[in-house]
2 protein chains.
Amino acid sequence: MERQSAVIRREITAIPLFNGLPQRQYDQLAGIALDRSYAGGQRIFSEGDEGIGLYVLVSGTVKVYKLSPEGKEQTLHVFGAGEPFGEASVFAGQPFPAHAEALAESRVLFFPRAAFVELIKEDPSLALNMLAILSRRLRTFAALVEDLSLKEVPGRLAAYLLYLSEQRDLTDDLILDMAKNQLASLLGTIPETLSRILSRMARQGLIHAAGRRIKIMDRRGLEALAQAERRL
Amino acid sequence: MERQSAVIRREITAIPLFNGLPQRQYDQLAGIALDRSYAGGQRIFSEGDEGIGLYVLVSGTVKVYKLSPEGKEQTLHVFGAGEPFGEASVFAGQPFPAHAEALAESRVLFFPRAAFVELIKEDPSLALNMLAILSRRLRTFAALVEDLSLKEVPGRLAAYLLYLSEQRDLTDDLILDMAKNQLASLLGTIPETLSRILSRMARQGLIHAAGRRIKIMDRRGLEALAQAERRL
DNA sequence: AATATGCTTTGACTTAGGTCAAGGGGAGAT
DNA sequence: ATCTCCCCTTGACCTAAGTCAAAGCATATT
């Protein structure tokens with residue numbers, strides 16, 4: 001029991017949102033944190049649910065997404081370890097604007113809203129860290145809006161492949177970090193269209209594709225697609 | 001000169017971001033604020049510019065938007081009096097992610113970044129207000145992503161008309177608050193498409209349209225369109 | 001009154017991407 | 001070995017919306 005709390009405290013110190021806080025706040029955060037696990041495919045919260053606290057992902061993968069009446073999904077973001085989510089309701093006291101679901105088995109720390117806000121009032125570092133995270137998230141959303149409105153699907157896929165490559169020191173050998181049907185949802189399309197575009201990219205010598213492995217063959221060509229300077 | 005500063009101080013107290021602050025902080029904010037005016041059509045900042053502070057709109061209208069290489073615009077948001085903007089760069093120290101331009105003659109207060117951050121450190125109310133604003137903006141973006149990805153243009157227009165009506169106590173008599181080419185950009189389409197859809201809505205008895213005046217004739221029909229339960 | 005400019009509307013045409021159906025492949029369960 | 005389930009791919013077809021052109025309308029300027 002005591003060791004369990006010590007584990008959570010150590011996990012908390014590793015979370016970017018909590019960088020630079022005074023030591024006593026780590027104890028306080030560990031004191032209010034609730035430890036929750038979710039299986040892959042399990043819903044964490046639903047659009048419209050009352051937002052009663054902040055979630056931070058300790059391990060696993062979580063997608064936040066919207067659904068159309070016909071069941072088409074648009075993924076807003078896929079979160080990895082260390083990232084907070086569900087924040088859109090904590091500070092404005094509004095319901096969750098989207099669904100959240102674990103893509104793989106995931107562990108999450110949950111911080112009840114009132115207690116978290118009290119901690120923010122005690123030390124501005126937490127607030128400034130949170131402001132930085134929300135600001136970066138706004139720019140990610142701005143990029144997603146730009147993609148959806150001003151780029152065609154091949155351009156979005158090209159941009160995504162280049163982003164994966166950049167995450168791995170510009171390697172040409174990529175492994176998709178999610179199922180293709182999830183990637184289709186993130187890129188604002190459907191699996192059939194994603195599949196066709198990967199095939200056309202392969203036929204045009206831009207990539208080699210084998211399941212989730214993708215090798216970049218023509219980086220300049222992908223860049224031209226991603227910048228909407230050229231079409232597939 | 002002294003009265004000029006007093007005017008700015010009074011304007012600052014009327015801004016929602018600054019609600020509930022201790023009196024001395026109004027003096028401090030007035031002390032660091034820079035007063036700037038822009039003509040309609042004037043660029044305030046450009047995508048990629050270094051973000052050196054926070055802007056708050058005192059009067060007028062400002063759009064924040066992205067451009068495609070061919071010059072198509074996607075408006076991310078249209079700001080009215082009292083709203084801060086340019087915040088995506090203040091807390092994460094990154095360049096502006098979009099262009100900002102005055103749609104009409106506008107007055108803006110500019111708060112240099114370092115000074116503003118110092119004020120946030122002094123009192124958590126400012127931080128909590130800012131967190132609430134960024135949270136609401138994230139949900140607005142989530143709604144825009146949903147619109148662009150999961151709704152067709154008629155549904156987006158219907159939702160927008162219903163939103164205008166809701167802003168005016170559910171009146172059926174609307175006046176568009178921007179030029180139609182700007183509205184097309186906000187809804188993620190082009191003026192030709194917007195014009196055709198307004199005509200089809202009129203022909204189907206959903207609205208009466210005369211220039212910028214629009215009268216809702218079939219609210220339920222618009223709601224069904226907005227919810228993607230029906231198509232035009 | 002004439003001209004210029006920007007916005008708006010309409011027509012004809014093209015295409016990106018969705019829908020629906022069908023089938024293949026891989027992994028897990030029996 | 002067989003079955004089930006889920007993911008993925010491909011084909012055929014359809015349509016929403018964009019492109020390009022042309023013309024109308026309102027406002028401002030000369």
Rounded to whole angstroms, how far apart are [atom1] on [X] and [atom2] on [N]?
X	N	atom1	atom2	value
Arg212(A)	dC8(D)	CZ	C1'	12 Å
Arg213(A)	dC8(D)	CZ	C1'	17 Å
Glu152(A)	dA17(D)	CD	P	15 Å
Ile197(B)	dA17(D)	CD1	C1'	8 Å
Arg231(A)	dG18(D)	CZ	P	12 Å
Leu103(B)	dG6(C)	CG	P	16 Å
Leu194(A)	dG18(C)	CG	C1'	14 Å
Asn181(B)	dG6(C)	CG	C1'	9 Å

So, OP1 or OP2 of dT10(C): does either fall under 4.0 Å of a side-chain N or O from Ser199(B)?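 Checking dT10(C) against Ser199(B), a side-chain N or O does come within under 4.0 Å of OP1 or OP2.
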Does Lys180(B) put a side-chain nitrogen or oxygen below 4.0 Å from OP1 or OP2 of dT9(C)?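 Lys180(B) to dT9(C) OP1/OP2: side-chain N or O found under 4.0 Å.
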Using a 4.5 Å cut-off on heavy atoms from C-beta on, say whether the side chain of Pro95(B) contacts that of Glu50(B).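 Not touching, per the 4.5 Å side-chain cut-off.
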Is it the case that dG18(D) (base atoms only) and Arg196(B) (side chain only) share a donor and an acceptor within less than 3.5 Å, ignoring hydrogens and angles?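 Side chain to base: no pair below 3.5 Å.
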Once hydrogens and angles are ignored, does a donor-acceptor distance under 3.5 Å link the base of dC20(C) to the side chain of Glu192(A)?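 Per atom types, the contact qualifies.
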Any Lys/Arg nitrogen of Asp35(A) or Arg107(A) sitting under 4.0 Å from an Asp/Glu carboxylate oxygen of the other?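 Yes, Asp35(A) and Arg107(A) are salt-bridged.
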Are Asp173(B) and Lys215(B) ion-paired here, with the side-chain N under 4.0 Å from a carboxylate O?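 A salt bridge links Asp173(B) with Lys215(B).
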Give, for atom CG of Asp147(B) and atom CG of Leu157(B), the distance between the pair rounded to the nearest 0.5 Å.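 Interatomic distance, Asp147(B) CG to Leu157(B) CG, rounded to 0.5 Å: 11.0 Å.
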Measure from the side-chain heavy atoms of Thr193(B) and tell me the nearest of dC20(D), dG18(C), dA17(D).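 Taking heavy atoms from C-beta onward, the closest nucleotide is dA17(D).
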For a ring pair (Phe, Tyr, Trp, His ring centres under 6.0 Å) with Phe45(B), tell me which candidate from Phe110(B), Tyr38(B), Tyr55(B) qualifies.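 That would be Tyr55(B).
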Would you classify Gly188(A) as touching base, sugar-phosphate or nothing, given that sugar-phosphate means primed atoms plus P, OP1 and OP2, and contacts are heavy atoms under 4.0 Å?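 Gly188(A): backbone/sugar contact only, no base atoms under 4.0 Å.
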